[in-house]
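Data first, discussion second: the structure below is written as structure tokens.
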Number of protein chains: 2
Amino acid sequence: MLRGAALRVTRPRVAVLSAVHAHPHADTESIIGAVRRELPRVSHQAVYDVLRALTAASLVRRIEPSGSVARYESRVGDNHHHVICRSCGLLADVDCAAGAAPCLTASDGQGFSIDEAEVIYWGLCPDCSTA
Amino acid sequence: MLRGAALRVTRPRVAVLSAVHAHPHADTESIIGAVRRELPRVSHQAVYDVLRALTAASLVRRIEPSGSVARYESRVGDNHHHVICRSCGLLADVDCAAGAAPCLTASDGQGFSIDEAEVIYWGLCPDCSTA
DNA sequence: CCATAAACTTGACTCATTCCAGAAAAGCGG
DNA sequence: CCGCTTTTCTGGAATGAGTCAAGTTTATGG
């Protein structure tokens, strides 16, 4: 995957990429933890750099919900969205409501050339909902 | 407006509320600046507190786009969304594509009880688009 | 196997936002 | 209009995710 994106294959990069695949929606802190279980000597700076490089190469996607730190996921390019629980912060994937990339059509784009529509559904997860 | 929300009417609150109405999509720093033009002695803490109270009372709405600081706007309750320019950060309002609150229906809500759908369109503003 | 550009380490630093504790002001019943 | 209670404001310090910079190491193409 890294070579396919014209990125050098280094141990930290492989470890970060695996961690993101193994822990979807993990925040940076968790990823650093997961990476250090394999490579105890990586700096947090390296993880930040790698995550930025992977995001720029579209190998991972960065999500940054209001009131939360940045999280990363490995599902890319499939135009899916997210639901977040207002109470416990649980984050889940949701497939796009109307097919491929419907949300790209705003009724009035103000003259902007839009390339992505990001949708976040807010509510309560099943557990918090019954409680 | 403040009384209607059962909030005490204080000078800082009035000033903050006016500032948000006068400068849509302003960040906290700008709001502090605008407020101090009228009331030079308000602390930044007061502005933060007031903004939180106003947000909780739904008199203003807080928006927190990725890679940006929190911004506030006075349009509330009309289910509108936002377009953001990837290049210059310009933020504009967009009315909801399909009427009242269409985005509330996710194809598969994972069992969540959803109460809001937040949509952010990313792209280039007219100016950055031509440049 | 070598040169070189890209990636990593270390440690300090930024900056939005929050926490704290004491001082001040608003609103209410009288 | 007056005190009392509650809420809000002030000022300063703290938090913490994320960034910067300089020097060292490492992957890769020839």
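Proteins come first, then strands; the chains are lettered A, B, ... in the order of their sequence lines, and each starts at number 1.
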Do B:I32 and B:V14 share a hydrophobic cluster, counting only Ile, Leu, Val, Met, Phe, Trp and Tyr and linking them when any side-chain heavy atoms are less than 4.5 Å apart?
yes
Out of A:H21, A:H80, A:R62, which one pairs with A:E73 under the side-chain hydrogen bond (donor to acceptor under 3.5 Å, both in side chains) rule?
A:H80
Closest non-hydrogen atom pair, B:L90 against B:C125
CD2-CB, 3.9 Å
Side chains of A:D93 and A:H25: do they bring a donor and an acceptor to under 3.5 Å?
yes
How close or far is atom P of D:dT24 from atom CZ of A:R41, stated in whole angstroms?
16 Å
Mind running side chain to side chain contact (heavy atoms under 4.5 Å, CB included) on A:R8 and A:R3 for me, showing each step along the way?
CA-CA 7 Å; A:R8 290 195 180 175; A:R3 288 216 172 77; over 6 Å; no
Can you measure A:D27 atom CG to D:dA17 atom P for me and round it to whole angstrom units?
8 Å
Could you check which residues of residues 12-22 of chain A get a heavy atom under 4.0 Å from DNA chain C? Sort them by number, please.
A:P12, A:R13
Following the transitive rule for hydrophobic clusters with a side-chain heavy-atom cut-off under 4.5 Å over Ile, Leu, Val, Met, Phe, Trp and Tyr, establish whether B:V16 and B:V42 coincide in one cluster.
yes
Tabulate atom names and distances for all N/O pairs under 3.5 angstrom spanning the protein and nucleotides 23-30 of chain C.
from	atom 1	to	atom 2	distance (Å)
C:dA26	N3	B:R8	NH1	3.2
C:dG27	OP1	B:V9	N	3.1

Is it the case that over 12 heavy atoms from other parts of the model lie below 6.0 angstrom from the CZ atom of A:R11?
no
Heavy-atom nearest pair, A:P65 first then A:I120, reads CA-CD1, 4.4 Å
Polar pairs (N or O, both sides) under 3.5 Å between protein and nucleotides 17-22 of chain C?
from	atom 1	to	atom 2	distance (Å)
C:dT17	OP1	B:A70	N	3.2
C:dT17	OP2	B:T28	OG1	3.3
C:dT17	OP2	B:Y48	OH	3.1
C:dC19	N4	B:Q45	OE1	2.2

Does A:V60 share a hydrophobic cluster with A:V69, counting links as ILVMFWY side-chain heavy atoms below 4.5 Å and allowing steps through other members?
no
In whole angstroms, how far is the C1' atom of D:dG11 from the CZ atom of B:R36?
11 Å
Here the pair of heavy atoms bringing A:A53 nearest to A:L7 is O-CD1, 4.4 Å
Value in whole Å for how far the C1' atom of D:dC9 lies from CG of B:L51:
14 Å
